[in-house]
Amino acid sequence: MRRVADVVFRAGCPDCRARFELGAGALRLAIGASSKTTFYSFTCPECGASVRKPAGERIVELLTGGGVRTLRLHSTA
């Protein structure tokens, strides 16, 4: 298994408006059957809020390429 270099992603919290960088381990990606059910999530390191944001094709590509753990919510068969 090949190791992905340490990648950081810029993110922001809609609750406290903080801006920060997160490692791949701090993010989760869920890929659903449609754009409405495909999202990424994380916990804000500043205020502790659970944040969930939509993920389009480009975001999915960046997050999976950066080593973010992915959960598929639909069958690919």
Side-chain angles (χ1 to χ4, degrees):
M1 182 176 197
R2 131 181 173 222
R3 175 164 155 54
V4 176
D6 292 337
V7 177
V8 292
F9 298 94
R10 292 183 185 163
C13 178
D15 288 353
C16 71
R17 303 248 187 249
R19 307 280 308 154
F20 40 82
E21 293 182 340
L22 297 170
L27 295 154
R28 300 291 176 271
L29 174 64
I31 300 176
S34 71
S35 61
K36 290 184 179 185
T37 57
T38 300
F39 61 91
Y40 66 99
S41 62
F42 57 90
T43 300
C44 175
E46 297 293 321
C47 71
S50 293
V51 179
R52 178 174 159 167
K53 294 187 175 187
E57 289 181 35
R58 181 70 179 137
I59 298 295
V60 169
E61 182 181 316
L62 290 170
L63 294 177
T64 55
V68 172
R69 283 182 258 174
T70 303
L71 172 65
R72 294 205 178 267
L73 302 177
H74 69 285
S75 172
T76 58

For [X] and [Y], work out which heavy atoms get closest and say how close.
| X | Y | value |
| --- | --- | --- |
| G12 | R19 | CA-NH1, 3.5 Å |
| C47 | C16 | SG-SG, 3.8 Å |
| C13 | A49 | SG-CB, 4.4 Å |
| A11 | L22 | CB-CD1, 4.1 Å |
| T43 | G48 | CG2-O, 3.6 Å |
| A30 | L73 | CB-CD1, 3.9 Å |

Distance (rounded to the nearest 0.5 Å) between E57 CD and L62 CG
12.0 Å
Taking atom CD1 of I59 and atom CG of L29, what is their separation to the nearest 0.5 Å?
10.0 Å
Applying side-chain contact (heavy atoms from CB on, under 4.5 Å), name anything that partners P54, two or more places apart in sequence or on another chain.
none
Among all residues two or more places apart in sequence or in another chain, which pass the side-chain contact (heavy atoms from CB on, under 4.5 Å) test with R69?
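R69 satisfies side-chain contact (heavy atoms from CB on, under 4.5 Å) with R28 once adjacent residues are dropped.
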Where do V8 and D6 land on the side-chain contact (heavy atoms from CB on, under 4.5 Å) test, with the steps shown first?
CA-CA 7 Å; V8 292; D6 292 337; over 6 Å; no
Keeping the roles fixed (side chain from T37, backbone from S34), state whether a donor-acceptor pair exists under 3.5 Å.
yes
Without swapping roles, check the side chain of S41 against the backbone of V51 for a donor-acceptor pair under 3.5 Å.
no
Which ring-ring contact (aromatic ring centres under 6.0 Å, His included) pairs, counting each pair once, include a residue from residues 21-54, with sequence neighbours left out?
F20-F42
